[in-house]
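Residues: numbered from 1 along the sequence shown.
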Amino acid sequence: MPTPIPLARFNHAALNASDVDASIRFYTQVLGFYEVPRPGFSFAGSWLYSDGLGMMLHLIHDERFVPIATRDNTRRSHLAFRVEDIDLTLELLAQHDIPVIQRRLPDFGYRQLFLHDPDGNLIELGEWPDVENMDLRPLENRS
């Protein structure tokens, strides 16, 4: 079997946006990202950054993109972010009039909040520990 590629670090996630300005407002005003310089592509979009995450979010306008209509399925592709205070997060989401679906992570009990950006992209906010504090040993190395 060939050797896996040695990845260095997560850089960015990219999301389609039917209205880039509405998505910029959502990600900056609700989730605290800020815009950073972006190359002069031939298509509209924005690059956003979050200091706390150390990652970028690339918004890409695609005139063929159809916003996601179904907003009750929490088991589809999504971005997930850890929050320090989930009760405060609930209060802030209410202040922004953002609808939330609440769940509890089976077996672990951590609370999860699911919400949607203007295009229906699913965002999960959770109270689980930082990944550095989780048992992330490969399954075959556990006894």
For Met1, what are the other residues in its hydrophobic cluster, where any two members join if their side-chain heavy atoms are less than 4.5 angstrom apart?
none
Where do Asp107 and Leu105 land on the side chain to side chain contact (heavy atoms under 4.5 Å, CB included) test, with the steps shown first?
CA-CA 6 Å; Asp107 301 325; Leu105 194 60; over 6 Å; no
Contacts table for residues 81-93: side-chain donor-acceptor under 3.5 angstrom, sequence neighbours left out:
residue	atom	partner	partner atom	Å
Arg82	NE	Trp128	O	2.8
Arg82	NE	Asp130	OD1	3.4
Arg82	NH1	Glu84	OE2	2.9
Arg82	NH1	Asp130	OD1	3.4
Asp85	OD1	Asp87	N	3.1
Asp85	OD1	Leu88	N	2.9
Asp87	OD1	Arg111	NH1	2.9
Thr89	OG1	Asp85	O	2.8

Within one Ile-Leu-Val-Met-Phe-Trp-Tyr cluster: Met56 and Leu48, side-chain cutoff 4.5 Å
no
For residues 13-22, dump all side-chain donor-acceptor pairs below 3.5 Å to protein atoms at least two apart in sequence or in another chain.
residue	atom	partner	partner atom	Å
Ser18	OG	Asp119	OD1	2.4
Asp19	OD1	Asp21	N	3.2
Asp19	OD1	Ala22	N	3.1

Arg75: partners by side chain to side chain donor-acceptor pair (under 3.5 Å), with sequence neighbours left out:
none
Consider only side-chain heavy atoms of I, L, V, M, F, W and Y, link residues closer than 4.5 Å, and tell whether Ile123 and Phe10 are in one cluster.
yes
Tell me whether Ile98 shares a hydrophobic cluster with Phe33, the cluster being built from Ile, Leu, Val, Met, Phe, Trp, Tyr side chains joined at under 4.5 Å.
yes
Pairwise side-chain contact, Gln112 with Leu125, heavy-atom cut-off 4.5 Å (strictly under):
no
If the condition is ring pair (Phe, Tyr, Trp, His ring centres under 6.0 Å), which residues does Phe65 pass it with, not counting sequence neighbours?
none
Kindly write out the residues that satisfy salt bridge (Lys or Arg N to Asp or Glu O under 4.0 Å) with Arg76, not counting sequence neighbours, or none if the list is empty.
none
Residues, nucleotides or ligands: over 12 heavy atoms within 6.0 Å of Tyr49 OH
yes
Establish whether Leu57 and Phe114 are linked, either directly or via other cluster members, by ILVMFWY side-chain heavy-atom contacts under 4.5 Å.
no
In the hydrophobic cluster built from side-chain contacts under 4.5 Å, what are the other members alongside Ile68?
none
Is there a path of hydrophobic side-chain contacts, each under 4.5 Å between heavy atoms of I, L, V, M, F, W or Y residues, that connects Phe26 with Ile60?
no
Pairs where residues 24-42 contributes a residue and the test side-chain hydrogen bond (donor to acceptor under 3.5 Å, both in side chains) is met, not counting sequence neighbours:
Tyr27-Asp117, Tyr34-Asp51, Glu35-Ser46
Could you state the interatomic distance from OG (Ser23) to CG (Asn121), rounded to the nearest 0.5 Å?
7.5 Å
For residues 61-70, the salt bridge (charged side-chain N to carboxylate O under 4.0 Å, His left out) pairs (sequence neighbours left out) are Asp62-Arg64
Does His58 have any ring pair (Phe, Tyr, Trp, His ring centres under 6.0 Å) partners at least two apart in sequence or in another chain, and if so, which?
His12, Trp47
Please examine the side chains of Arg103 and Thr74, heavy atoms only from C-beta on, and report whether any two atoms are closer than 4.5 Å.
yes
Could you work out, with side chain to side chain donor-acceptor pair (under 3.5 Å) as the rule, every residue matching His78, not counting sequence neighbours?
Glu124
Mind checking ring pair (Phe, Tyr, Trp, His ring centres under 6.0 Å) for Phe43 and listing every partner two or more places apart, or none if nothing turns up?
Phe41
